[in-house]
Number of protein chains: 2
Amino acid sequence: MLINSRSEATPTSAHDRVYRGLRSRIMHGEIGPGAALTLRGIGAEFEVSMTPAREAVRRLVAEGALTLSTSGRVATPELSNERIEELAALRSLIEVELASRALPRAHMALIDRLQTINGAISDAVDRKDAVAYIRTNLEFHRTLYLRAQAPAMLAMAETVWLQLGPTMRALYGRLRRTEPPHFHRLIIAALKAGDEPGLRLAVRSDVTQGLKMLAG
Amino acid sequence: MLINSRSEATPTSAHDRVYRGLRSRIMHGEIGPGAALTLRGIGAEFEVSMTPAREAVRRLVAEGALTLSTSGRVATPELSNERIEELAALRSLIEVELASRALPRAHMALIDRLQTINGAISDAVDRKDAVAYIRTNLEFHRTLYLRAQAPAMLAMAETVWLQLGPTMRALYGRLRRTEPPHFHRLIIAALKAGDEPGLRLAVRSDVTQGLKMLAG
DNA sequence: CATGCTTCCATGTGATCACAAATGGACACA
DNA sequence: TGTGTCCATTTGTGATCACATGGAAGCATG
């Protein structure tokens, strides 16, 4: 409505709310690969018009979180195996560097927090909750990388997570979920010991671990 | 106008034309850091309404090519030294990997093409044409990396270039431009010799070279 | 002459609408 | 029963408009 005199201030812009909502869902695997979305549907769900919905979608397309068919239809991407391998390699490159930069700044408080998060991951595994698993797993990594004080690199890493989101859901879904996060314990041990080569190896292993499922 | 019966088919969508135009300018350093843009201005320049202009801007903001002030004003970013260091490190990480993947596929035709581009770079240096220098320099790298057959990685690298675009203009502007591309010759030599460690070192040196100017 | 306030214009935001194209299903026919 | 065609509905695109806000210029006051 044009005569919208809601004096209650909008804390954040509409397109940003839509963007954040969709981004969170995609990154955490709440939407499977190949799912179709419509601008009007998004708008209705977030109670906004098509304009902010379109802007949010454009932004997510730019980040590779959504694909646009030639006719403009919006959907989550179905990644080829080659693409998954590339994205895993990117994760490895960027996240090993982030972990390496975080290492000198990693104090006990950080390690405690990581162990707490690890407990939450085990809970999610026990509950067979794929979305919670993905979310807490990413939180583990983000908590570590925040210490690197490298926002541009972290943003890049999150963009890769975003692109892998729908696929991770499918991937972890077919995974027999009996294993607690093994490599996470190696990461924590390397942090405690100040062992940089060990940390790099542990992060690389953790990041590329899920990929093995796919190839096998 | 709503009664727009232009039967001449739009070959590509309006927002895409605007996006490509702006992106090219920013990446190639045609716009200096801190320059302000307006949606109406962009729309007038590309002869479209504000809607496609906004979509293109949103997309470029998502890619880090533009910044949005809290009040929504659009401008090219002025990067801090820490940010520049981070982006250079990202270039190094990603592009070394791309070059390494391209190496086994690099045949003579590719090396010839790279040498031709190198000639164009020298011309740009002689003409003191900063924009042409940046454009041909990036073309050199892109030509090499295309052989890696890794589109996701290449897209990441280009996003970093985009973020560095306005800064590169300022950087190469204050550079005494007497030097032909030294490290490019090392890259070509390593490609010819099939020397992977040498190639990795040459690419890393070339990518981080410009940064030295800034710190010094 | 400097500093604070006020006003006005420029600018971003979001809703709505007209239009075109594509998609999906219904229906007829082989 | 399979297949091709046609139509209706869904969907994206882009233009325009009303509104709120922020910045800059101008004015007044110390």
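When reading the values below, keep in mind they use all heavy atoms of this one structure, side chains included, and skip hydrogens, waters and symmetry mates. The chains referred to below are lettered A, B, ... by the order of the sequence lines, with proteins before strands, and numbering in each begins at 1.
Using a 4.0 Å heavy-atom cutoff across all strands shown, B:Thr51 reaches at least one base atom of the nucleic acid. Backbone-only engagement by B:Leu37 is indicated by non-hydrogen atom pairs under 4.0 Å involving sugar-phosphate atoms exclusively.
For the pair A:Glu47 CD and C:dA15 C1', the interatomic distance rounds to 15 Å; values are reported in whole Å. For B:Leu60 and C:dG12, the CG to C1' distance is 17 Å, given to the nearest whole Å. Rounded to whole Å, the distance from CZ on A:Arg40 to C1' on D:dT13 is 10 Å. If you measure from atom CG of B:Leu39 to atom P of D:dA15, you get 13 Å, rounded to the nearest angstrom. Whole-Å rounding puts the A:Arg58 CZ to C:dG14 C1' distance at 16 Å. In this structure, the CE atom of A:Met50 is 11 Å from the P atom of D:dG14, given to the nearest Å. Atom P of nucleotide C:dG14 and atom CD of A:Glu55 are separated by 6 Å, given to the nearest angstrom. Spacing between atom OH of B:Tyr19 and atom C1' of D:dT13 amounts to 19 Å, rounded to whole angstrom units.
Classification of the A:His184-A:Phe140 ring pair by plane angle, with boundaries at 30° and 60°, yields parallel.
Considering only side-chain N and O atoms, B:His15 lies under 4.0 angstrom from the phosphate OP1 or OP2 of D:dG14. The phosphate of D:dG22 has neither OP1 nor OP2 within less than 4.0 Å of any side-chain N or O from B:Ser71.
Note on A:Glu158 versus A:Arg142: salt bridge recorded, some NZ/NE/NH1/NH2 to OD/OE distance being below 4.0 Å.
Ranking D:dG12, C:dA15, C:dG12 by closeness to the A:Ser49 side chain, first place goes to C:dA15.
Here the rule is side-chain contact (heavy atoms from CB on, under 4.5 Å) with B:Asp129, and of B:Val125, B:Val131, B:Asp126 only B:Val131 fits it.
Between the side chain of A:Arg54 and the base of C:dG14, no donor-acceptor pair under 3.5 Å is found. For D:dG12, its base never sits under 3.5 Å from the side chain of A:Arg73 at any donor and acceptor pair.
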(message) Go through it in stages, so that I can follow the logic: the residues are A:Met168 and A:Tyr133, the test is side chain to side chain contact (heavy atoms under 4.5 Å, CB included), and I'd like the CA-CA distance, side-chain angles, deciding distance and then a yes or no.
(response) CA-CA 10 Å; A:Met168 289 211 297; A:Tyr133 178 85; over 6 Å; no
(request) Dump the intermediate steps for side chain to side chain contact (heavy atoms under 4.5 Å, CB included) on B:Glu97 and B:Val203, then the final yes or no. (result) CA-CA 10 Å; B:Glu97 176 73 14; B:Val203 170; over 6 Å; no
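Both A:Pro52 and A:Ser69 sit near DNA chain C, but only A:Pro52 has its closest nucleotide nearer the 5' end.
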